[in-house]
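Reading through the structure tokens given below for one structure.
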Amino acid sequence: MSSLDASAVRRPLSDYTSTKLDALELFDEIASTNSYLLSEPAPAAGRCRVAIADHQTAGRGRHNRQWISQPGDALCLSLAYTFAKTPQHLSALTLALGVGVVGALQGLNVSGARLKWPNDIVALDGKLGGILTEVRSGQGDGVTVVAGIGMNIYLGDSIDFAAASGWAQRPAGLNSIANEMPTRELLAGTVIENLYATLGDFEVSGLDGFREIWQQHDWLLGREIIVDMADKRIRGIAAGVDVDGALLVDTPDGLIRVISGSIVLAGAAGSTK
Ligand code: BTN
């Protein structure tokens, strides 16, 4: 059981998305909604299933970090979707999903959310949320992805989220940018609707249809950043994303493409380690 009302979560869904949703499961408490959907049967091609939790005991983020949230004060939502054929540049899907989440917030009259490569949602320079996209093998040419969205709705002060999770950035809550707070159900349903539409569009045209919008929300663009990669650290000016979703960094040695790495703003706390 969850304190969330399933019928209210379904209300914002279009008829089309409703017919494609195989399961909507709401949990009071679970280890991780992503882990749960990764262990469940994959949806058929073009279909999806969703898990939402009031509280996760082992919420996960990128780079094996923890995702910590207060029970009932965050959105912890995962959506599993099966692509009939593995899309080109699947690694760029997280960027497209970020555009989908920002679109959901805009649809709820919440503006001001930005995107930080590759998977962060930023509000007032703090971490509003994050996206964890995980891939499981599919049948034939297909592939199933589990997209997990964590978003701080109300931030309590009883947990030092940043310290507990090891995030480089202080957290921010949706209440810091929303003039009128949506209910968690309305937020969840609107996010599901946008994520499903995003997945369908990505299936057809990959990152192409999202790249320009992504760059309009790019929080790093034009800022001096430090990128920690597996084998080296680079410093330069963030210059948008390439066609395959790689981060472009303008450095004294030329334009460098970053496929994977942790980013901090140069001069930010923790950037001198
Ligand atoms: C990140 O910022 O690195 C991604 C955080 C993703 C957290 C969400 S909450 C729902 C889903 N279940 C998880 O265990 N993680 C994702």
Side-chain angles (χ1 to χ4, degrees), residues 2 4 9 23-40 48-81 91 93-102 104-105 113-123 125-136 144-155 159 161-174 184 187-192 194-195 199 217 219-220 227-228 245 247 260-264:
S2 156
L4 287 164
V9 174
L24 170 65
E25 292 173 279
L26 307 179
F27 298 92
D28 178 19
E29 187 172 280
I30 195 170
S32 152
T33 50
N34 259 42
S35 303
Y36 173 71
L37 286 184
L38 285 168
S39 70
E40 285 293 289
C48 68
R49 57 186 294 168
V50 171
I52 306 176
D54 284 343
H55 184 226
Q56 294 182 125
T57 54
R60 297 184 291 108
R62 195 166 152 260
H63 291 320
N64 291 323
R65 292 191 181 117
Q66 281 178 279
W67 172 263
I68 298 175
S69 55
Q70 293 272 52
D73 279 353
L75 179 69
C76 301
L77 180 152
S78 298
L79 185 150
Y81 178 85
S91 58
L93 175 61
T94 301
L95 272 58
L97 293 170
V99 171
V101 173
V102 170
L105 293 177
R114 313 276 300 276
L115 294 167
K116 178 185 172 208
W117 190 92
N119 71 322
D120 281 352
I121 305 156
V122 175
D125 293 341
K127 179 160 172 142
L128 173 64
I131 302 169
L132 178 66
T133 309
E134 298 183 286
V135 177
R136 51 187 282 182
T144 299
V145 292
V146 175
I149 314 297
M151 191 186 295
N152 303 312
I153 299 178
Y154 296 99
L155 270 192
I159 296 180
F161 289 86
S165 311
W167 303 111
Q169 215 171 352
R170 69 171 173 78
L174 190 63
R184 279 195 304 148
L187 176 65
T190 310
V191 166
I192 294 167
N194 276 258
L195 290 184
L199 288 155
H217 298 298
W219 182 70
L220 294 174
V227 186
D228 276 316
L247 176 70
S260 174
S262 289
I263 321 284
V264 289

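First listed ligand is number 1; within each ligand, the first listed atom is number 1. The structure presented is a predicted model; accordingly, all values stated were derived computationally and were not measured.
Close contacts of ligand 1 with Thr33, meaning ligand atoms under 4.0 Å from a residue heavy atom, involve 10 (C), 11 (C), 12 (N). Those atoms of ligand 1 with a heavy atom of Gly61 less than 4.0 angstrom away are 1 (C), 3 (O), 4 (C), 5 (C). Near Arg62, meaning under 4.0 Å from any of its heavy atoms, are these atoms of ligand 1: 1 (C), 3 (O). Set against the non-hydrogen atoms of Ser78, the atoms of ligand 1 under 4.0 Å away are 10 (C), 11 (C), 12 (N).
Using a cutoff of 4.0 Å between basic side-chain nitrogens and carboxylate oxygens, Asp120 and Arg62 are not scored as salt-bridged.
One N or O on the side chain of Asn34 and one on the backbone of Leu132 form a donor-acceptor pair closer than 3.5 Å. The closest donor-acceptor contact from the side chain of Asp54 to the backbone of Pro71 lies at 3.5 Å or more, if one exists at all.
Backbone and side-chain nitrogen or oxygen atoms of Trp67 are examined, and none is located within less than 3.5 angstrom of a nitrogen or oxygen of ligand 1.
For the salt bridge (Lys or Arg N to Asp or Glu O under 4.0 Å) test, residues two or more places apart in sequence or in another chain that qualify with Arg49 are Glu25, Glu40.
Comparing Leu128, Asp120, Asn119 against atom 1 (C) of ligand 1, the shortest heavy-atom distance belongs to Asn119. The residue among Lys127, Lys116, Arg65 with a heavy atom at the shortest distance from atom 2 (O) of ligand 1 is Lys127.
Residues Asp228 and Ser262 have side chains that never bring a donor and an acceptor to within less than 3.5 angstrom of each other. Side-chain N/O atoms of Ser69 and Gln56 include no donor and acceptor closer than 3.5 Å.
Put simply, no part of His63 is less than 4.0 Å from ligand 1, judged by heavy atoms. For the pair Gln56 and ligand 1, a heavy-atom separation below 4.0 Å is found.
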